[in-house]
Structures are given as structure tokens and as C-alpha cells.
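Only this structure's heavy atoms are used, side chains among them; waters, hydrogens and symmetry mates stay out. Each chain gets a letter, A, B and so on, in the order its sequence line appears, and its residues count up from 1.
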Number of protein chains: 2
Amino acid sequence: MKPVTLKQIAEQLNISVTTVSKALKDYSDVSPKTKALVKELAKTLNYKPNTFAVNLRTKESKTIGLIIPVIVHHFFSNVIRGIISQAEKKGYLVIILQSNESYELEKKQIDLLMSQRVDGILISLANGTANFSHLNEVIAQDKPLVMFDKIAKIVKCSKIIIDDRKAAYMATQHLIDTGCKRIAHFRGALLPQNSIDRFLGYKKALLDNNMPYDPSLVYICECGDMSFEEGKKNAQQLLNDHNDVDGIFINTDLVAIGAMTEFNKQGVKVPEDISIVGFSNWFMSSVISPTLTTVDQPGYEMGRAAFKQLYREMKQLKKNKPVVYKEIVLETALVKRESTKELVK
Amino acid sequence: MKPVTLKQIAEQLNISVTTVSKALKDYSDVSPKTKALVKELAKTLNYKPNTFAVNLRTKESKTIGLIIPVIVHHFFSNVIRGIISQAEKKGYLVIILQSNESYELEKKQIDLLMSQRVDGILISLANGTANFSHLNEVIAQDKPLVMFDKIAKIVKCSKIIIDDRKAAYMATQHLIDTGCKRIAHFRGALLPQNSIDRFLGYKKALLDNNMPYDPSLVYICECGDMSFEEGKKNAQQLLNDHNDVDGIFINTDLVAIGAMTEFNKQGVKVPEDISIVGFSNWFMSSVISPTLTTVDQPGYEMGRAAFKQLYREMKQLKKNKPVVYKEIVLETALVKRESTKELVK
DNA sequence: CTGAAAGCGCTTACAG
DNA sequence: CTGAAAGCGCTTACAG
């Protein structure tokens with residue numbers, strides 16, 4: 001059963017393809033009578049415009065691309081939800097690719113999306129990405145591009161982020177306020193901006209509270225992805241290296257949970273011996289024990305905001321109007337739970 | 001900067017568009033010299049074929065659609081990963097939609113994907129789906145369709161599943177083997193096949209062990225989605241209704257975790273007072289305490305298998321060869337953890 | 001080995 | 001109010 005075309009409708013009604021096309025799109029220069037006839041037949045024949053042809057004519061695909069480091073992470077799946085739901089509202093479909101934190105893959109996927117001629121691209125960078133020419137090329141070709149969460153400051157485009165530095169500061173301050181005297185930090189990989197900013201927030205909080213900053217207390221994620229195993233490994237290492245640490249600010253909940261699991265195994269009590277603050281507020285952080293104090297990061301909202309901005313830019317582009325890049329900073333909140341102690345009065 | 005077309009290459013080289021097209025596709029009837037010239041220029045100009053035009057000609061989009069009930073669920077995000085990675089290998093892109101367990105949405109999304117003329121569709125049904133005409137229509141239009149996990153037996157198409165009945169039987173048998181005498185079941189919604197099959201597996205295990213089947217011990221999920229809250233609510237209800245239940249087989253890990261949280265709050269000890277087996281082996285089940293005994297369901301593998309089958313069918317269709325529907329059953333395994341007791345010798 | 005021509009199914013500027 | 005025509009950028013059967 002072949003799909004119905006405009007031509008078939010036109011032939012059956014003995015009118016031109018032009019008129020059929022215009023009737024279906026409610027052009028004002030078609031008689032109401034013709035419109036009614038056309039629409040009725042289109043409906044009975046279950047006519048669906050051929051998107052391929054429409055795309056070719058309009059040079060639009062009503063499809064956007066999304067590149068995300070890891071889909072299964074709670075934060076990112078929430079971002080995806082936000083993007084898809086907003087896109088659907090505006091009649092856009094979303095092609096999703098996973099970069100697996102690899103720069104090479106990310107680059108290939110950008111190429112793929114450009115070949116596919118998506119109308120715009122949303123991206124959260126891989127940890128491995130240090131070169132941004134693939135992104136600048138997208139921009140150079142006038143393809144709207146919006147980065148979120150894991151961004152590169154140097155790339156000129158819109159960005160949806162949180163204030164990582166401030167959030168990390170809050171988190172560290174909370175450890176200090178609850179009596180921690182020697183606070184370690186499990187940071188992410190070296191490159192990502194958010195990992196840098198969270199580190200800087202941690203450092204600033206220490207200094208503002210007249211606590212010494214000790215580089216040996218900062219553990220870098222070498223493997224590139226922020227995993228449960230990474231948390232266990234770092235926790236083990238920390239216990240070997242130091243016996244006076246009483247608080248840790250950890251870059252991601254999943255890593256924090258890995259660390260807590262290890263501490264639990266080793267008989268180190270959380271928060272009595274060591275307090276822990278995570279980052280991102282994954283669902284599971286609220287159900288493990290002790291429940292994890294963390295920074296809530298609005299994934300769903302971030303996804304929505306990212307699509308909205310992309311949509312704005314796609315619309316401007318279509319009208320040949322100038323695009324104004326925006327940097328939208330979403331609010332975060334510290335969620336206090338059992339992995340940190342009560343406030344010291 | 002407008003994209004380069006075949007015409008531009010042809011003009012610059014003073015040859016025909018036909019020859020350029022054939023040269024780029026390595027047709028045997030183009031001289032090696034011409035080929036070399038064309039390819040070189042194409043490369044320097046960064047020529048990318050216009051997918052819209054290619055699609056229109058070839059009637060293929062090299063894109064498939066995926067409809068999934070909930071993205072953030074660990075099992076489903078793993079399925080997505082499996083699908084995307086396999087699709088990428090074969091040069092296919094994946095458009096993802098979330099049905100939110102709603103039949104109405106699912107139907108709309110099928111329509112959307114058909115309008116978009118994707119080459120094939122992968123779907124896991126919404127809990128609310130009891131009418132399958134939207135799916136039969138897809139099949140009637142010769143569009144390859146593969147269902148996975150949440151399937152409808154009555155729809156004639158390929159299916160990738162696990163043996164839910166067997167897995168549930170295993171899970172229940174484990175509760176029996178570890179000494180449970182009165183076993184409840186939190187089943188999913190009424191409609192989904194897997195929720196029915198898991199219930200039947202539970203029931204069969206009881207009967208095979210000469211244990212009475214008591215309908216009042218089966219709690220149905222009314223709200224439609226299998227959530228954490230659902231687990232808490234059912235657990236509460238169970239404590240009200242019965243004081244002799246010592247084991248529960250729960251349809252989904254997330255619900256099981258909700259139940260455990262509630263039990264913990266009420267001072268009911270797991271597994272001492274009540275043993276629990278979940279289903280799906282979500283990551284978080286291995287990090288909560290007690291860790292959750294559950295049935296491991298191979299999400300990533302299921303995604304891969306689903307795409308592979310779809311790919312086979314798309315290839316057959318292209319060659320105008322008959323499509324053979326397959327029902328592929330993947331293996332599951334019981335993962336024994338702390339929420340159930342040791343085997344009774 | 002090369003190329004003119006038709007056509008995929010639409011949209012839209014233009015003529016009447 | 002209606003329609004002929006051009007064109008979006010490809011692919012491919014066919015002629016030479």
C-alpha cells in the first residue's frame with residue numbers, strides 16, 4: 001500500500017496539485033468549497049504529506065540532534081525528558097546520540113547530525129573534549145547550537161548551566177558549618193568546565209573560612225567517567241593517605257555513593273567519622289542509607305530551557321534575523337540529608 | 001554559507017551532475033581519473049549529500065523511531081543505549097519519544113513517526129495500551145515494527161522479551177526456598193503482558209509448592225506507573241491488611257525499594273521479618289541496604305537484539321523479500337542479595 | 001566512459 | 001479563485 005500523494009487527490013477531484021496543496025494549508029485564495037472537498041478526501045485517503053519532499057522544499061527537517069555523554073545517568077535522562085517533552089510541544093523530533101565521554105565519537109556524531117541536516121543541535125560535552133573546532137564549524141555553518149551542563153566557555157553560543165562554583169561553595173560551606181575541619185574533594189576529570197568550577201568553589205569556601213587548601217586532599221578522576229567504581233577507589237585511596245579527613249565534597253552522587261559503599265565496608269561511619277556531600281541529587285541518593293546530602297540540579301528544567309533557547313534561535317534564523325546568544329543560569333539548592341551532621345550552633 | 005551541491009562540483013569541473021553523482025558513489029562506469037578529480041574537489045569543498053534529496057529519491061531516511069514508556073527508568077535507559085549503539089553501527093539514527101505510559105500519547109507518537117516516514121519503529125507499550133489498532137496500522141503499511149519488553153501477544157510482529165513467567169517463578173521459588181511461608185505479590189498494572197506473566201509465575205510457584213494462592217495477597221498498581229510511591233503505599237496497606245506475610249515478590253525494583261523504605265520506617269526488618277525479591281536489577285538495588293535480591297533483566301542486550309531484528313526486517317523489505325517475524329527470548333538470572341535470607345537446608 | 005532527461009513529492013511566485 | 005511551471009538536490013534508466 002503506497003502512501004497517498006497530492007497528485008492522486010488532485011486527479012480524483014479533477015483539480016490541480018497546486019490547489020490541493022494550498023487547500024490543505026488553508027491558503028486564503030482557495031474557495032471554501034474546494035477546501036472542504038480537498039480536506040475531506042485527504043482525510044478519507046489518510047493523506048500524510050511526504051516529509052522528505054517537504055524537507056527538501058523547506059530546507060527544514062523539524063528534527064534536532066542531541067548529543068549526551070551518558071544516557072543512563074539520572075541527571076541526563078531527566079535532561080532528555082525535558083528536551084523531548086518541550087520539543088514535542090513545538091512539533092520537533094529529537095535524535096539522540098551518546099558520546100560515551102569520547103571526543104572522537106562526539107566529533108563523528110556532530111558530523112552525522114550535520115549530514116542529516118537537523119535544524120539545530122543540543123550538546124553536553126564529553127569529558128574528553130578539549131578541542132572545539134567541530135562545534136565552531138557548526139556555528140560557522142549557521143546551525144543553531146546550544147550547550148548545556150557540560151559546556152566550553154570559549155565556544156560562542158548559548159549555554160544553559162548552573163552556577164557550579166556557587167553550588168560547590170554552598171556544599172563545602174555546609175560541611176564546614178556542620179563541624180568538618182579537614183575536607184577532601186573528589187573532583188571529576190580534569191577538562192570539564194563544571195569539574196573545574198566545582199573545584200574552585202570548594203577551594204574558595206575553604207579559604208573564606210580560613211581553612212588551609214591542601215592539594216593532596218583533592219582526588220582527580222583519571223578514568224574519565226564519573227562512576228561508582230571511581231568512588232570506591234578514591235575512598236580507599238583516601239583512607240590510605242589520610243586519617244584526619246572528616247568531610248568530603250564529591251563531584252557526583254554516583255561517585256559519592258561508591259565512596260559511601262566503600263566506607264561502609266571498611267567500617268568508617270558516615271557522617272560520624274566522615275561527612276559526605278554529593279552533587280546532582282540522583283533519585284537513589286534519597287533511598288540509600290544514610291541518605292545523601294547533595295546539590296539538587298534541575299535536569300528536567302535544564303532540558304526544557306535548552307530546547308526553548310534552541311527553538312528561539314531556529315526561529316530567528318528562519319526569519320533571517322540576528323541570533324542573540326544567551327547564557328541561562330538555573331538555580332540549585334542544597335538538599336540536607338543524613339550523610340552530613342546537624343549544624344554546629 | 002550555503003551547503004555545496006553536486007551541481008556546483010559539476011560546474012567547477014565542467015562535467016555533468018550525473019557523472020559527479022556516480023563518481024562519488026564509485027560506480028564502475030566512471031573513469032578513475034574523473035573519480036579522483038571529483039572526490040578531491042568534493043573533499044576540499046566539504047561536500048555533504050543533501051539527505052532530504054537523498055531521502056526523497058531513495059524513500060529511506062536511515063532513521064528509526066523508538067517509543068518508550070519512561071526514559072529515566074534504569075532498565076529503559078539501558079535499552080536505549082543498546083538500541084542507539086547498534087543503530088549507529090549500521091548507520092541509523094534514532095528518534096526517541098516517551099509515551100509516559102499513556103495510550104493516547106503513544107498513538108499520537110506512532111502517527112508522528114509514520115508521518116516522519118522513519119524506516120522502522122521499536123516500541124515498548126504503555127501500561128494504558130489495550131487497543132492495538134495503531135500498531136496494526138503500522139504493520140499494514142509494511143513498516144517494520146518490533147516490540148520489546150512490554151509487548152502485546154495479539155499483535156503480529158517480532159518481539160524481544162524475557163520469559164517473565166519463568167523469571168517470576170524463580171523469584172518466588174527463591175522466597176519459598178529461603179523459608180517464606182506466606183508470600184505476597186505487588187504486581188504491576190492490570191494490562192501489561194509482563195505484569196500478567198509475572199503474576200502467573202508467582203501463582204504457579206505457590207501451587208507447585210503446595211502453598212495456597214490467596215488473592216488478598218496480590219496488590220495491584222492502580223495509578224498506572226510503577227513508582228517508588230506505589231511501593232510505599234502498598235507496603236503500608238500490606239501491614240494494615242496482614243500480619244503474617246513473610247515474603248513479597250515485587251514487580252519492579254523501584255517499587256520494591258519504595259516498599260523497603262516504608263518497612264524500614266515502620267520498623268519492619270528486611271529480610272528478618274519480611275523477605276523481598278524485586279525485578280529488573282536496577283543499579284541502585286545493589287547499593288541500598290539491605291541490597292535487593294532481584295531478577296536481572298538484560299536491558300542493553302534487549303535493545304541490541306531489538307534493533308538487530310528491526311534491521312533484518314528493514315533489509316528484507318528493501319529487497320522485497322518476505323519478512324519472518326521472530327520472538328526472541330533473552331535469558332534472565334536471579335541475583336541473590338541481602339533482602340532475602342539464606343537457603344533453608 | 002559521459003551526460004541528458006525524468007522523476008521523487010512537495011511549495012510557491014506568478015499569470016490569468 | 002485556479003493552475004502551469006519552476007525548482008529543491010539528488011539518483012538512475014537509458015542513449016550515445
>> Regarding A:N50, tell me which of base, sugar-phosphate or nothing describes its non-hydrogen contacts under 4.0 Å with the strands shown.
In response: sugar-phosphate
>> Mind checking if A:K22 touches a base, just sugar-phosphate, or nothing, with heavy atoms under 4.0 Å?
In response: base
> Counting only side-chain N and O atoms of A:K59, is one of them less than 4.0 Å from OP1 or OP2 of D:dG9?
Replying inline: yes
> On DNA chain C, nearest-nucleotide positions of B:V30 versus A:K48: which is more 5'?
Replying inline: B:V30
> Would you say a side-chain N or O of B:Y27 is under 4.0 Å from OP1 or OP2 of D:dT12?
Replying inline: yes
> Taking only side-chain nitrogens and oxygens of B:Y47, does any of them come within less than 4.0 Å of OP1 or OP2 of D:dC10?
Replying inline: yes
> Hey, what do you get for CG (B:N100) to CD (B:Q109), rounding to the nearest 0.5 Å?
Replying inline: 8.5 Å
>> A quick test of your reading: do over 12 heavy atoms of other residues, nucleotides or ligands sit less than 6.0 Å from NZ of A:K48?
In response: yes
> Does B:T34 or B:R57 map to a spot on DNA chain C nearer the 5' end, using the closest nucleotide for each?
Replying inline: B:T34
> Given C:dC10, is OP1 or OP2 found less than 4.0 Å from the side-chain N or O atoms of A:S21?
Replying inline: no
> So what does B:T19 touch, heavy atoms closer than 4.0 Å: a base, only the sugar-phosphate, or nothing?
Replying inline: base
>> Taking B:K107 first and then B:E137, would you say they form a salt bridge - that is, a charged N and a carboxylate O separated by under 4.0 Å?
In response: no
>> I want to verify a distance call: between C:dG3, D:dC10, C:dT2, whose nearest atom is closest to the B:S31 side chain?
In response: C:dT2
>> Counting the atoms with a prime plus P, OP1 and OP2 as sugar-phosphate, which does A:T18 contact under 4.0 Å by heavy atoms, base, sugar-phosphate, or nothing?
In response: base
>> Could you report the tightest heavy-atom contact between A:E106 and A:I67, atom names first, then the distance?
In response: O-CD1, 4.1 Å
